[in-house]
Amino acid sequence: MSDGVRIDSLAEGVWRVSCPTRGGILAVNCYILQDDSGFTAIEPGPASTAEFILAGAATLVHPGSINRLVLLDASPLAASGAGAWRSAGFKGEIYADWRTALGISEAGIPGPYRFIHKERDEYRCEGEAILEFRIFEALPGTLFARHCRTGLLFSGRLGSSMGRDLPAVTPDMGRPQQLFQKTFGLPGLDLPALLKGFEGVVPALICPRFGSALNPVNPANLLAAELSKEKAETSGEVMALLEEVEKLRADNLDLQSAMVFASDAALRDELSGLYDRAYANEFLRSLIVQGNSFCAAFIEIDRLKEYNRTAGVASGDLLLADIAGFILEHSGGGYLFRWSGPVFLLVLESDRESSYRKAETIRAAVEAERRFSRPTTISVAIVGSDELRTVGKDDILADLQALSRARLKLLERRGGNEVLAESGAEIQEKSMALILDGDSISADYLV
């Protein structure tokens with residue numbers, strides 16, 4: 001789907017609707033469950049992604065057909081998208097911890113609400129119940145829920161990994177996930193603690209708010225169990241060797257994780273924090289190889305060189321970084337890169353008409369914004385993948401760059417502060433005349 005929204009079927013009647021956050025760092029999940037009386041949605045997504053999650057969910061079911069919206073995470077970020085669901089036509093109950101319900105009610109999001117607070121017996125998997133809930137004791141107000149029919153466990157704040165192109169399910173619950181939890185200040189994925197209260201239950205999958213669903217069978221835990229089982233029958237020397245092998249394996253995972261973070265930093269532009277041109281080229285190649293249609297919006301800050309001459313390069317750098325953050329905030333699911341100099345690249349997985357409207361919205365927002373160190377405008381040259389030759393991916397990239405340069409140059413001649421999605425002599429350029437005649441009557445005549 002457009003805007004990076006992805007839909008995966010996790011079980012019969014259970015779907016994951018996933019959308020990347022700004023910059024594509026995290027994949028935020030919403031889960032749609034079907035039962036005899038209708039549908040249940042788990043987690044609305046934050047306000048910045050709720051629009052796209054709703055669009056994805058609407059391909060499965062109309063929001064008006066959803067009976068329950070469940071908020072497992074008590075954080076304001078997680079609950080901030082609930083208002084968008086009400087506006088889109090959701091009329092059912094909002095299931096939440098009483099603290100969460102009180103907070104979003106005060107924010108003006110109407111009920112009805114169903115409080116999950118010391119009512120655990122009511123939500124056991126008995127009778128017509130679709131979910132059973134438990135309070136997550138490590139974080140008061142944070143819930144987790146088990147789907148009665150499929151055994152899927154939904155885990156509130158927990159996350160599995162980073163990135164937008166994630167598999168629907170990953171089998172590994174080892175150190176990469178632990179590093180993720182530590183980086184984002186989330187609780188560790190402790191399966192025994194997570195299952196406390198669900199006596200004798202092993203979930204089919206663990207479905208977190210961020211990233212892939214997790215298979216609860218952890219190879220590292222299985223190895224530890226086997227080592228413990230055989231410890232009594234194994235000599236001390238062999239046991240020490242096995243423990244050393246396990247330590248080396250764990251250290252290797254740590255090293256791999258550190259290399260991933262170091263490689264990521266090397267691919268980012270130091271000034272703006274965005275991925276650089278080399279990464280952008282690889283990203284475009286991957287879209288081309290997969291046959292995905294897209295539009296590349298090349299965004300240039302108008303007259304930045306002039307500003308550098310008058311205010312200094314340091315001030316120009318601050319302005320560029322500020323505008324980069326502003327464009328990222330308004331990218332609406334697009335993928336923003338630092339291209340070169342005053343030029344950014346925003347990749348939109350939509351047609352040229354939709355991309356033009358998005359680019360025009362960003363251009364108008366920059367022009368109206370007064371937080372920058374001076375009044376600032378941008379020019380946007382849009383190149384659609386349908387305009388490019390299909391000889392080879394390198395030829396296509398060369399075409400894309402040539403078209404973008406020509407359109408940015410044309411925009412500069414026209415004075416900037418404009419969006420352009422076509423080329424050719426039929427486009428009328430603005431003209432300027434310098435009148436040196438001191439006679440005002442003649443000058444008025446010439447004008």
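Quick note: residue numbers are just sequence positions, from 1. It should be emphasised that the depicted structure is a prediction, and the values quoted were computed from it without experimental measurement. All heavy atoms count here, side chains included; hydrogens, waters and symmetry mates do not.
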| field | I130 and C148: CA distance, side-chain angles, deciding distance, side chain to side chain contact (heavy atoms under 4.5 Å, CB included) verdict | value | CA-CA 5 Å; I130 183 174; C148 302; 5.6 Å; no

Any side-chain heavy-atom pair from [X] and [Y] closer than 4.5 angstrom?
X: V419; Y: I362; answer: no
X: C30; Y: W85; answer: yes
X: R68; Y: D35; answer: yes
X: R268; Y: L274; answer: no
X: V5; Y: T59; answer: no

Is there a donor-acceptor contact under 3.5 Å from the side chain of [X] to the main chain of [Y]?
X: S404; Y: Q401; answer: yes
X: S80; Y: A47; answer: yes
X: S105; Y: L102; answer: no
X: R86; Y: G111; answer: yes
X: D302; Y: N417; answer: yes
X: R407; Y: I382; answer: yes
X: R149; Y: Q34; answer: yes

Passes side chain to side chain contact (heavy atoms under 4.5 Å, CB included), T376 versus E369? Steps please. CA-CA 8 Å; T376 303; E369 183 61 38; over 6 Å; no

Measure the [atom1]-[atom2] distance between [X] and [Y] for me, rounded to the nearest 0.5 Å.
X: H62; Y: L54; atom1: NE2; atom2: CG; value: 10.0 Å
X: L10; Y: T150; atom1: CG; atom2: OG1; value: 9.0 Å
X: L33; Y: F39; atom1: CG; atom2: CZ; value: 10.0 Å
X: L420; Y: F298; atom1: CG; atom2: CZ; value: 13.0 Å
X: Y356; Y: S350; atom1: OH; atom2: OG; value: 14.5 Å
X: D269; Y: W339; atom1: CG; atom2: CH2; value: 13.5 Å

Practice task
Please check if the distance between the ring centroids of F326 and F372 is under 6.0 Å.
Solution key: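 Yes: the rings meet the under 6.0 Å criterion.
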
Could you tell me if S354 and D351 have a donor-acceptor pair between their side chains, going purely by distance under 3.5 Å?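 Per modelled atom types, D351 and S354 side chains form a pair under 3.5 Å.
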
### Chi angles and distances behind the side chain to side chain donor-acceptor pair (under 3.5 Å) call for S385, S293
CA-CA 6 Å; S385 58; S293 61; 5.1 Å; no

Query raised in the report: In a check of side-chain contact (heavy atoms from CB on, under 4.5 Å) between I42 and each of I32, L69, L131, which one passes?
Result: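 Output: one option passes, namely L131.
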
#### Entry: Qualifying residue, where the test is side-chain contact (heavy atoms from CB on, under 4.5 Å) with L72 and the options are Y31, Y95, F154
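Going through Y31, Y95, F154 one by one, the side-chain contact (heavy atoms from CB on, under 4.5 Å) with L72 is satisfied by F154 alone.
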
Could you pull out every donor-acceptor pair under 3.5 Å between side chains of residues 315-324 and any protein atom, sequence neighbours left out?
unit_1: S315; atom_1: OG; unit_2: A311; atom_2: O; d: 3.4
unit_1: D322; atom_1: OD1; unit_2: R371; atom_2: NE; d: 3.3
unit_1: D322; atom_1: OD1; unit_2: R371; atom_2: NH2; d: 3.3

**Prompt:** Who passes salt bridge (charged side-chain N to carboxylate O under 4.0 Å, His left out) against E367, sequence neighbours left out?
**Reply:**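 In terms of salt bridge (charged side-chain N to carboxylate O under 4.0 Å, His left out), with neighbours along the sequence ignored, E367 is linked to R363.
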
For the pair E93 and Y113, evaluate side chain to side chain contact (heavy atoms under 4.5 Å, CB included) and give the outcome as yes or no after the intermediate values. CA-CA 5 Å; E93 286 186 310; Y113 295 99; over 6 Å; no

Open item on the list: For a side chain to side chain contact (heavy atoms under 4.5 Å, CB included) check, start with the C-alpha distance between L411 and E300, then their side-chain angles and the critical distance, and finish with the verdict.
Closed with: CA-CA 10 Å; L411 284 166; E300 182 171 11; over 6 Å; no

* Lys/Arg N to Asp/Glu carboxylate O, E360 vs R357, below 4.0 Å ->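 No, this pair does not count.
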
**Message:** Which heavy atom of F294 sits nearest to which heavy atom of L400, and what is that distance?
**Reply:**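 F294 and L400 have their closest heavy atoms at CE1-CD1, 3.9 Å.
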
